[in-house]
There are 2 protein chains.
Amino acid sequence: MEIPQIEELELLHANICQALGDPKRIQILYALHGEPRYVSALADDLGMPQPTVSRHLQVLRQRSLVLTERDGQTVVYSLADPRIIEVLSVMRQIMRDALDRQTNVLA
Amino acid sequence: MEIPQIEELELLHANICQALGDPKRIQILYALHGEPRYVSALADDLGMPQPTVSRHLQVLRQRSLVLTERDGQTVVYSLADPRIIEVLSVMRQIMRDALDRQTNVLA
DNA sequence: CCAATGTATTCGGATAGGCGAATAGATGCA
DNA sequence: TGCATCTATTCGCCTATCCGAATACATTGG
């Protein structure tokens with residue numbers, strides 16, 4: 001019986017999760033929900049420096065979580081897959097339920 | 001108009017995602033799917049040293065992703081919420097679709 | 001109490017990831 | 001071309017995380 005190795009799928013999987021593991025990137029993804037935005041618009045909306053937003057967008061792009069399209073001087077970013085927001089929402093619900101359980105235990 | 005700050009929810013959210021952002025922890029979560037296990041059983045199954053498994057389990061526990069129950073000498077870990085696996089599966093599907101898109105573009 | 005078994009933690013070193021600041025690159029237009 | 005605007009990258013520093021190895025802690029049974 002072989003020892004199970006860490007498969008490529010697990011690595012990719014972890015890679016995606018890791019990309020979601022930063023508060024600013026989560027904000028960015030939610031901000032892209034519904035309407036594509038360009039970089040400085042995101043920066044203004046979220047109150048982050050433009051280079052910061054750009055760096056985070058690169059991370060998301062490398063993981064295929066966002067898509068880009070150049071439009072003249074600006075680069076428009078959009079969610080690559082609406083299910084990303086679904087996943088985040090479910091996680092948020094899981095989180096909330098876990099917090100509720102803890103609160104109930106303490107009460 | 002105030003600049004939107006990073007809310008507590010986003011921090012928690014990122015925290016959860018970050019916990020999922022490690023291949024070994026993903027393996028552990030899948031291994032806990034269906035049946036609770038105790039630490040050394042997991043270590044044997046996954047071919048990881050026991051302290052490694054234990055450390056990762058602590059990370060998952062802090063985020064309320066797994067639950068523990070002591071049973072004599074052993075400590076039994078279980079998934080705190082089956083939706084965690086659902087979320088991981090959806091992410092896996094999102095990932096696969098993204099890979100397919102890339103392949104199609106290249107072809 | 002002591003030994004055996006199972007689990008958790010600590011330590012040190014290596015690696016990765018975040019940020020601000022500065023700068024480089026790309027595009028459009030006069 | 002030259003300038004303004006928008007985006008991406010680099011640099012240095014700091015912090016967080018991971019790992020193996022060793023060790024501490026907890027529980028059971030003799």
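Below, chain A is the first sequence line, B the second, and so on; all start at residue 1.
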Report task. May I have all residue pairs that pass side-chain hydrogen bond (donor to acceptor under 3.5 Å, both in side chains) and include part of residues 78-91 of chain B, sequence neighbours excluded? Result -> Asp97(A)-Arg83(B), Asp81(B)-Arg83(B)
Restricting to side-chain hydrogen bond (donor to acceptor under 3.5 Å, both in side chains), what partner residues turn up for [X], sequence neighbours left out?
{"X": "Thr74(B)", "answer": "none"}
{"X": "Glu69(B)", "answer": "none"}
{"X": "Arg61(B)", "answer": "Thr68(B)"}

If I take atom [atom1] in residue [X] and atom [atom2] in nucleotide [N], what distance separates them, rounded to the nearest angstrom?
{"X": "Tyr38(A)", "N": "dA26(C)", "atom1": "OH", "atom2": "C1'", "value": "17 Å"}
{"X": "Lys24(A)", "N": "dG18(C)", "atom1": "NZ", "atom2": "P", "value": "10 Å"}
{"X": "Asn15(A)", "N": "dA16(C)", "atom1": "CG", "atom2": "P", "value": "12 Å"}
{"X": "Glu10(B)", "N": "dG18(C)", "atom1": "CD", "atom2": "P", "value": "16 Å"}
{"X": "Arg55(A)", "N": "dA22(C)", "atom1": "CZ", "atom2": "P", "value": "14 Å"}

**Report entry** Residues from residues 57-80 of chain A lying under 4.0 Å of DNA chain D - heavy atoms
**Finding:**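 DNA chain D contact set from residues 57-80 of chain A: Gln58(A), Gln73(A), Thr74(A), Val75(A), Tyr77(A).
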Requested in this report: From the options dA22(C), dT7(C), dG20(C), select the nucleotide whose nearest atom is closest to the side chain of Pro51(A).
Outcome: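 Ranking dA22(C), dT7(C), dG20(C) by closest atom to the Pro51(A) side chain puts dA22(C) first.
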**Report entry** Test salt bridge (Lys or Arg N to Asp or Glu O under 4.0 Å) applied to Arg70(A) - qualifying residues, sequence neighbours left out
**Finding:** none
**Report entry** salt bridge (Lys or Arg N to Asp or Glu O under 4.0 Å) involving Asp22(A) - partner list, sequence neighbours excluded
**Finding:** none
Extract all donor-acceptor atom pairs below 3.5 Å that involve side chains of residues 28-40 of chain A and protein atoms in other chains or at least two apart in sequence.
{"from": "Arg37(A)", "atom 1": "NH1", "to": "Asp45(A)", "atom 2": "OD2", "distance (Å)": "2.5"}
{"from": "Arg37(A)", "atom 1": "NH2", "to": "Asp45(A)", "atom 2": "OD2", "distance (Å)": "3.0"}

Query raised in the report: Which two nucleotides bound the region of DNA chain D that has atoms under 4.0 Å from heavy atoms of chain A, read 5' to 3'?
Result: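 Under 4.0 Å from chain A, the extent on DNA chain D is dA4(D) to dT9(D).
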Requested in this report: Let me know, please, whether His56(B) or Gln50(B) comes out on the 5' side of the other along DNA chain D by nearest nucleotide.
Outcome: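 Result: His56(B).
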Query raised in the report: Are Glu10(B) and Arg25(A) within salt-bridge range, i.e. N to O under 4.0 Å?
Result: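 Looking at Arg25(A) together with Glu10(B), the answer is no, because their closest N to O distance does not fall below 4.0 Å.
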